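Only one structure is covered here, and it is reproduced in the block below.
Note that the structure is a prediction, hence the values are computed from the model and not measured.
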Amino acid sequence: GTDLYARFLAPHLSDALPGNPTVVVNNVPGAGAIAGSNQFEERAQPDGKMIVAIAASMTSNFVFRDERVEYRLDEWIPFLSSPNGTIFYGHSSLGIESPEDIEQLVGQDLMLGANNPSGGDMRALLSAYMLGFDVQPVFGINRGDARPSFERGEFTVNFDTTPAYVTQVLPLVEEGVAVPLFSFGITDADGEIGRDPVVPEIPTFIEAYRQIHGEDPSGPAFNAWQAIYNLNIMASKALALPAGTPQEIVDVYTTAMEEVLEKLQAPEYSEQADEILGPYDQALGAAAQSALSGAIDFDDETFEWLQAWLEENFDA
């Protein structure tokens with residue numbers, strides 16, 4: 001998802017920046033995006049010539065203090081922050097045909113391909129735990145690698161961001177292989193989590209919880225879920241400059257991205273923009289910085305609950 005995000009925006013950003021510089025996308029694989037993030041921290045100079053695409057796994061690994069993390073995400077300067085929905089789905093071999101069948105998964109042995117317990121996969125693992133699913137994760141597997149294994153039936157549940165779901169998973173739904181179960185929803189203007197506008201036909205996690213347990217989620221687990229939701233959904237992706245970048249350079253990038261977003265509303269771009277960015281409000285400049293800082297600022301009680309949960313369930 002983040003690769004699609006960066007590669008889609010790069011040429012438009014090139015057109016909007018003064019002098020139309022070539023924007024080269026450099027993928028650095030390894031360690032759930034930690035390797036690339038550490039490399040950016042080490043090499044990026046505050047001269048506006050290097051930016052980073054931030055993924056949910058990068059923010060999660062930073063928040064939960066993965067011992068391999070050397071980057072200071074709290075010092076980077078985002079100029080664009082993008083919410084991004086997530087869809088959790090199951091394999092039809094489980095005997096399910098629609099989201100209404102979600103209760104049938106309680107008590108079944110489920111397999112999920114995941115990168116690590118404290119990265120972006122946590123939103124799916126925590127949701128499954130709260131719903132009462134018995135999910136056995138296989139760690140060390142990125143989202144793009146998990147999907148083919150899901151298609152073959154090796155993994156029986158999976159999750160993807162909405163761009164990947166629309167382009168990669170919907171064909172599996174149409175073939176009867178994948179069955180959408182719930183979305184994580186999107187926060188509306190009133191601060192309420194409602195159905196994701198990309199997939200309004202799919203119930204939210206809160207609706208799924210209510211269907212299984214007969215009540216709304218609450219308590220420390222739900223507080224943790226909401227924190228992870230803000231981290232992985234509402235501040236899912238971002239473009240950022242390194243620490244120390246002068247404000248005038250940040251302003252140039254913010255203005256350029258504002259021009260890009262306006263350009264993407266044109267008919268020749270809007271369809272692809274909807275696939276990549278979704279119909280979500282994008283945060284720019286100071287608003288982007290506020291979105292990211294709010295997502296990585298956990299209260300002590302929630303942080304301690306999640307630490308205990310990770311240790312008890314994944315020895316992590």
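Gln289 approaches Pro78 most closely through the heavy-atom pair CG-O, 3.2 Å. Contact detail for Asn232 and Ser236: the closest heavy-atom pair is O-CB, 3.1 Å. The two atoms that bring Pro220 and Trp305 nearest to each other are CB-CD1, 3.5 Å, heavy atoms only. Between Lys263 and His12 the shortest heavy-atom distance is NZ-ND1, 3.1 Å. Shortest non-hydrogen contact noted between Trp76 and Pro242 is CD1-CA, 4.4 Å. Between Tyr209 and Glu215, the shortest heavy-atom distance links the atoms CD2-O, 3.1 Å.
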Distance-only donor-acceptor hits, side chain of residues 171-189, under 3.5 Å, sequence neighbours excluded:
| from | atom 1 | to | atom 2 | distance (Å) |
| --- | --- | --- | --- | --- |
| Ser183 | OG | Gly185 | N | 3.2 |
| Thr187 | OG1 | Tyr229 | OH | 2.8 |
| Asp188 | OD1 | Asp190 | N | 2.9 |
| Asp188 | OD1 | Gly191 | N | 3.1 |
| Asp188 | OD1 | Glu192 | N | 2.9 |

Side-chain donor-acceptor distances from residues 20-30 under 3.5 Å, at least two apart:
| from | atom 1 | to | atom 2 | distance (Å) |
| --- | --- | --- | --- | --- |
| Asn20 | ND2 | Ser14 | O | 3.4 |
| Asn20 | ND2 | Asp15 | O | 2.8 |
| Asn27 | OD1 | Arg7 | NH2 | 2.5 |
| Asn27 | ND2 | Asp3 | OD1 | 2.8 |

List the atom pairs, donor and acceptor, that lie under 3.5 Å between side-chain atoms in residues 295-302 and the rest of the protein, sequence neighbours left out.
| from | atom 1 | to | atom 2 | distance (Å) |
| --- | --- | --- | --- | --- |
| Asp299 | OD1 | Glu301 | N | 3.1 |
| Asp299 | OD1 | Thr302 | N | 2.8 |
| Asp299 | OD1 | Thr302 | OG1 | 3.1 |
| Asp299 | OD2 | Thr302 | OG1 | 3.0 |

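Formation of a donor-acceptor pair under 3.5 Å by the Gln168 side chain with backbone atoms of Val166 is not found in this model. A donor-acceptor contact shorter than 3.5 Å is absent between the side chain of Gln104 and the backbone of Leu94. The backbone N or O of Ser98 lies less than 3.5 Å from a partner atom in the side chain of Asp101, making a donor-acceptor pair. Counting only distance, with no hydrogens or angles, the side chain of Asp274 and the backbone of Pro279 share no donor-acceptor pair below 3.5 Å. The closest donor-acceptor contact from the side chain of Asp121 to the backbone of Pro117 lies at 3.5 Å or more, if one exists at all.
Heavy-atom neighbours of Glu67 CD from other residues, nucleotides or ligands within 6.0 Å: at or below the threshold of 12. Atom CD of Glu268 is surrounded by more than 12 heavy atoms from other residues, nucleotides or ligands within 6.0 Å. Residue Gln226 places its CD atom among more than 12 non-hydrogen atoms of other residues, nucleotides or ligands, all under 6.0 Å distant.
In terms of the salt bridge (Lys or Arg N to Asp or Glu O under 4.0 Å) criterion, residue partners of Asp216 (sequence neighbours excluded) are, by chain and number, Arg210. By the ring pair (Phe, Tyr, Trp, His ring centres under 6.0 Å) test, Phe139 is found to be paired with Phe314, residues two or more places apart in sequence or in another chain being considered. Residues passing the ring pair (Phe, Tyr, Trp, His ring centres under 6.0 Å) test with Phe62, sequence neighbours excluded: none. The side-chain hydrogen bond (donor to acceptor under 3.5 Å, both in side chains) check on Lys49 picks up nothing, with sequence neighbours excluded. Not counting sequence neighbours, the partners of Glu75 by the salt bridge (Lys or Arg N to Asp or Glu O under 4.0 Å) test are Arg72. Here Asp251 pairs with nothing under the salt bridge (Lys or Arg N to Asp or Glu O under 4.0 Å) rule; sequence neighbours left out. Remark: Glu258 pairs with no residue by the salt bridge (Lys or Arg N to Asp or Glu O under 4.0 Å) rule, at least two apart or across chains.
One finds the CG atom of Leu105 at 5.0 Å from the CD1 atom of Ile96 (value rounded to the nearest 0.5 Å). Distance check, rounded to the nearest 0.5 Å: CG of Asn38 to CE of Met58 gives 9.5 Å.
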Q: List the steps and the verdict of side chain to side chain contact (heavy atoms under 4.5 Å, CB included) for Asp160 and Arg147.
A: CA-CA 9 Å; Asp160 273 300; Arg147 197 179 308 112; 2.9 Å; yes
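Grouped with Phe79 in one hydrophobic cluster are Leu4, Tyr5, Phe8, Leu9, Leu13, Leu17, Ile51, Ile77, Leu80, Leu239, Leu241, Ile249, Val250, Val252, Tyr253, Met257, Val260, Leu261, Leu264, Tyr269, Ile276, Leu277, Leu284, the linkage being side-chain heavy-atom contacts under 4.5 Å among Ile, Leu, Val, Met, Phe, Trp and Tyr residues.
Phe155 and His91 have their aromatic ring centers separated by at least 6.0 angstrom.
A salt bridge is absent between Arg195 and Glu201; no separation between the charged side-chain nitrogens and carboxylate oxygens falls under 4.0 Å.
Residue pairs that meet the side chain to side chain donor-acceptor pair (under 3.5 Å) test with at least one member in residues 307-316, sequence neighbours left out, do not exist here.
Between the side chains of Gln265 and Ser270, no donor N or O sits under 3.5 Å from an acceptor N or O. Residues Arg143 and Asn158 have side chains that bring a donor and an acceptor to within less than 3.5 angstrom of each other. No hydrogens or angles considered: nothing links the side chains of Asp74 and Ser293 as a donor-acceptor pair under 3.5 Å. Looking only at atom types and distance, the side chain of Asn84 has a donor-acceptor partner in the side chain of Thr162 under 3.5 Å away. Counting only N and O atoms by type, the side chains of Asn115 and Asn142 include a donor and acceptor under 3.5 Å apart.
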